Amino acid sequence: MSLSLIGIIFVQAYYINNSVENEKDRFKYNVKSALSYVSNTIEKNEFHKYYKRYQELDSVQRGDSTAVSQLFIYQKDRDRTMIYSSGILEQDLKLAPSIFDIAELDDSIVFKSFTGNSKIEVFENTSIDDKDLNINQSPIMSIAKSGTIQEAQINNFENSVKAIRKKVPIYNRVSEKEIKRILTKELNEYGIDIDYEFAIYSNGLATKLQSKGFEYNTKSIFDVPIFYDENNQSIYKLLVNFPEDGKFILSSLIGMILLSIVFTSVIIIAYSSALFQLVKQRKISEIKTDFINNMTHEFKTPIATINLALDTIKNPKIIEDKDKVVRYLNMIKEENKRMHAQVENVLRISKLEKNELNISKDRVNLHDIIEDAITHVELIVENRQGYIKTFLNADSSVVLANQTHFTNVVVNILDNAIKYSPEAPKIEVYTENVGTNILLKIKDHGSGMSKAATKRVFEKFYRESMGDIHNVKGHGLGLAYVKRIVDDHQGHVSVESEKNNGSTFTIKLPIIT
C-alpha cells in the first residue's frame with residue numbers, strides 16, 4: 001500500500017510537471033509567433049509609409065532608360081503554339097533624401113523602375129518554325145518569373161528603402177507607443193493578457209527604445225530580429241520579458257493541480273487513518289492480553305486461597321476447632337468478596353460503555369463522601385504504617401452527585417495511591433472553592449508516572465509497564481471508571497505526576513449554591 005501510494009504521488013507529480021512543461025512550450029511558441037508578427041508589421045508599416053509618399057509625388061527625376069524584352073512560349077496542343085511577348089523598359093529614378101527622412105545625404109537616391117507592355121499571339125504549328133522565334137535570355141527573365149512588373153518594382157523599392165533607412169537611428173524608425181500598441185494587440189490575440197516589458201537591442205547593447213520596467217533576464221526573455229537590411233541581415237532585436245509568466249502558465253493548470261492535490265490528500269488521509277486504526281487495534285489487543293493475564297492472576301490467588309481453606313476445614317482435626325473454622329470461613333468470605341468486587345468493576349465499565357448504568361444524582365456533601373471513602377482504605381494504610389491527612393478547606397461543598405458511585409471514585413484514586421507507594425503510603429486530600437466549582441486534590445508521594453503515562457492513564461485497560469506486569473495488581477479499569485463517572489457528573493479529572501515524585505489527581509465539580 002505504501003509503495004502504491006508513493007507511486008501514485010510520483011505519477012501525479014510527473015504528469016503535472018509534463019503539463020507545466022507543455023504549457024511553457026505553448027506559451028513560448030505563442031510569444032515567438034506574436035513577436036514575429038510584430039516585427040513584420042513594423043517593417044511593413046515603415047515601407048508602406050515611404051511607398052505611399054513616393055506614389056504621391058507629382059514629378060520624379062528620370063534618368064536614361066534601357067529597353068529589354070522577354071519572350072515566353074507555351075505549347076497548348078499539337079496544332080497550335082501560344083506565344084507571350086513583352087516589351088519591358090528599365091529606367092533609373094532619382095528621389096530626394098528628404099522623402100526618406102534623411103536630410104544629411106546630399107545626393108539623390110537612385111533606384112530602378114520597370115514598365116512595359118505585353119501581348120499574346122497564337123500560331124498554327126505549320127506556319128512557324130522554332131528558329132523563327134527570337135528568345136531573348138535577358139536578366140529580366142528572373143523578374144518575369146517572380147511575378148508581375150509591379151511586384152518587381154515594389155521589391156526593388158523595398159530593398160532601396162531598407163538600404164537607406166538602416167542608416168537612421170532606431171528611435172527615429174519606430175516609437176515606443178507603436179511597438180506597445182501592436183505588441184499588446186497581438187499578444188491578446190494569443191490569449192496572453194499579462195504585464196510585459198520590452199526593449200530593442202542593437203548588437204547586444206541596449207538602445208533608447210525600451211519600456212521603463214524592462215530588465216534583461218535570460219530566464220524569461222524572448223527576442224526576435226527586427227528591421228532587416230537589403231541583404232536580409234539585422235543588427236536589431238526586439239526583446240520582451242514577462243515578470244509574472246510563471247503565474248500565468250500555472251493559472252491555466254491550477255484547477256488540475258488543485259484537484260490532484262485534493263484527491264491525493266484524501267488518499268493519504270484515508271491511508272493514514274487505516275494505519276492509525278491498525279496500530280490502535282494492535283495496541284488494544286496487547287492491552288486486552290495484559291488485562292486477561294492480570295485478571296487470571298487476580299482470580300488465581302483467591303481461588304487458590306479458597307481451595308486451601310476448604311481443604312483445611314475438611315481436616316477432622318480442624319473441623320472440630322470452631323475458632324479455626326470461623327477464621328477460614330471469614331478468609332473464604334473475604335476472598336469471595338474480593339473476586340466479586342473485581343467482577344463488579346468490569347461489569348460497571350461494560351455498562352458505562354453501553355450507557356446502561358443508571359446513575360441517579362442527589363444533593364450530597366463532597367466532604368462526607370471523602371470521609372466515607374477514607375474509612376474504606378484507612379485500615380490498609382495503617383497496616384503499612386502510612387497516613388491519610390485531610391485539608392478540607394472548601395466553604396461550599398454541596399454537589400449534585402450519586403453518592404455510591406462518587407464514593408467509588410474517591411476509593412479508586414486512594415487505592416491507586418496506596419498501590420503505587422512502594423514505602424509507607426503518605427496521602428493528602430485537599431478541597432478548595434474556585435469560582436462556582438470545588439476542587440478535590442488527592443496527592444501521594446509514591447513512585448509517580450512518566451509524562452507519556454499521564455496522557456493515557458484514564459484509558460481503559462491501560463497500565464504503565466513496570467518490567468513485570470504483575471508487580472502491582474490491577475486491570476487498568478479503576479481510573480477509566482473514575483473518568484467516566486466524573487464526566488457523567490459534568491466534572492473534569494486530571495493528573496500531574498513525575499517519576500519517583502508521586503502523583504496529584506484533581507477533580508473539578510460544579511457546586512450547588
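The figures here come from the full heavy-atom set of this structure, side chains too, leaving out hydrogens, waters and symmetry mates. If you're wondering where the values come from, they're calculated on a predicted model, not measured in any experiment.
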With a 4.5 Å cut-off on side-chain heavy atoms, are [Y] and [X] touching?
{"X": "V31", "Y": "F242", "value": "yes"}
{"X": "Y328", "Y": "L310", "value": "no"}
{"X": "F227", "Y": "V174", "value": "yes"}
{"X": "L250", "Y": "K247", "value": "no"}
{"X": "F222", "Y": "L238", "value": "no"}
{"X": "I179", "Y": "I42", "value": "yes"}

Worked verdict on I313 versus I332 for side chain to side chain contact (heavy atoms under 4.5 Å, CB included): CA-CA 11 Å; I313 292 172; I332 293 171; 4.2 Å; yes
Residue pairs, two or more places apart or on separate chains, that pass salt bridge (charged side-chain N to carboxylate O under 4.0 Å, His left out) and touch residues 442-451: none
Sequence neighbours excluded, every pair satisfying salt bridge (charged side-chain N to carboxylate O under 4.0 Å, His left out) that has a member inside residues 264-281: none
Which residues share a side-chain contact (heavy atoms from CB on, under 4.5 Å) with [X], sequence neighbours left out:
{"X": "K389", "answer": "Y387, F391, E428"}
{"X": "K24", "answer": "V20, E21, I249"}
{"X": "Y190", "answer": "N30, S33, A34, E186, I192"}
{"X": "V398", "answer": "R363, I512"}

Is a side-chain donor or acceptor of [X] paired with a backbone partner of [Y] at a separation under 3.5 angstrom?
{"X": "T454", "Y": "V495", "result": "no"}
{"X": "S234", "Y": "Y236", "result": "yes"}
{"X": "S497", "Y": "G502", "result": "yes"}
{"X": "N402", "Y": "K361", "result": "no"}

Looking at every heavy atom in both [X] and [Y], which two are closest together, and how far apart are they?
{"X": "A394", "Y": "I438", "result": "CB-CD1, 3.6 Å"}
{"X": "V486", "Y": "V493", "result": "CG1-N, 4.0 Å"}
{"X": "P510", "Y": "V399", "result": "O-CG1, 3.7 Å"}
{"X": "S39", "Y": "V224", "result": "CB-CG1, 4.3 Å"}
{"X": "L509", "Y": "G491", "result": "CD2-CA, 3.9 Å"}
{"X": "I16", "Y": "S260", "result": "CD1-OG, 3.7 Å"}

To the nearest 0.5 Å, how far apart are [atom1] in [X] and [atom2] in [Y]?
{"X": "I413", "Y": "I370", "atom1": "CD1", "atom2": "CD1", "result": "10.0 Å"}
{"X": "I306", "Y": "D311", "atom1": "CD1", "atom2": "CG", "result": "12.0 Å"}
{"X": "L239", "Y": "I226", "atom1": "CG", "atom2": "CD1", "result": "10.5 Å"}
{"X": "Q403", "Y": "N408", "atom1": "CD", "atom2": "CG", "result": "11.0 Å"}
{"X": "K185", "Y": "R181", "atom1": "NZ", "atom2": "CZ", "result": "7.5 Å"}
{"X": "I369", "Y": "E371", "atom1": "CD1", "atom2": "CD", "result": "11.5 Å"}

Would you say [atom1] of [X] has more than 12 non-hydrogen atoms from neighbouring residues, nucleotides or ligands within 6.0 angstrom?
{"X": "L3", "atom1": "CG", "result": "no"}
{"X": "E498", "atom1": "CD", "result": "no"}
{"X": "E423", "atom1": "CD", "result": "no"}
{"X": "K455", "atom1": "NZ", "result": "no"}
{"X": "N17", "atom1": "CG", "result": "yes"}
{"X": "K324", "atom1": "NZ", "result": "no"}

Polar side chain donor-acceptor pair, S421 to H445, under 3.5 angstrom: no
SB check D487 K483 (cutoff 4.0 Å): yes
Ionic contact status for K419 with D415, cut-off 4.0 Å: yes
Can you sort out the partners of [X] under salt bridge (Lys or Arg N to Asp or Glu O under 4.0 Å), two or more places apart, ordered by chain and number?
{"X": "K426", "value": "none"}
{"X": "D372", "value": "none"}
{"X": "E23", "value": "R26"}
{"X": "K237", "value": "D223"}

Working for side chain to side chain contact (heavy atoms under 4.5 Å, CB included), residues N416 and F505: CA-CA 10 Å; N416 209 63; F505 285 84; 4.1 Å; yes
Audit row: E496, T504, side chain to side chain donor-acceptor pair (under 3.5 Å) steps and yes/no: CA-CA 5 Å; E496 295 178 3; T504 301; 5.7 Å; no
Derivation and outcome, side chain to side chain contact (heavy atoms under 4.5 Å, CB included), residues D25 and Y29: CA-CA 6 Å; D25 291 341; Y29 174 79; over 6 Å; no
Pair F27-F248, ring pair (Phe, Tyr, Trp, His ring centres under 6.0 Å): steps then yes or no: CA-CA 9 Å; F27 177 77; F248 176 77; 5.7 Å; yes
Pairs where residues 263-274 contributes a residue and the test side-chain hydrogen bond (donor to acceptor under 3.5 Å, both in side chains) is met, not counting sequence neighbours: S2-Y271
Under 3.5 Å, which donor-acceptor pairs do the side chains of residues 196-213 form with other protein atoms, sequence neighbours left out?
residue, atom, partner, partner atom, Å
Y196, OH, K180, O, 3.3
Y196, OH, T184, OG1, 2.5
E197, OE1, S211, OG, 2.7
E197, OE1, G213, N, 3.4
T207, OG1, I200, O, 2.4
T207, OG1, L209, N, 3.3
Q210, NE2, T207, O, 3.1
S211, OG, F198, N, 3.0
S211, OG, F198, O, 3.2

Side chain to side chain contact (heavy atoms under 4.5 Å, CB included) between S447 and K499, intermediate numbers included: CA-CA 6 Å; S447 58; K499 208 71 173 172; over 6 Å; no
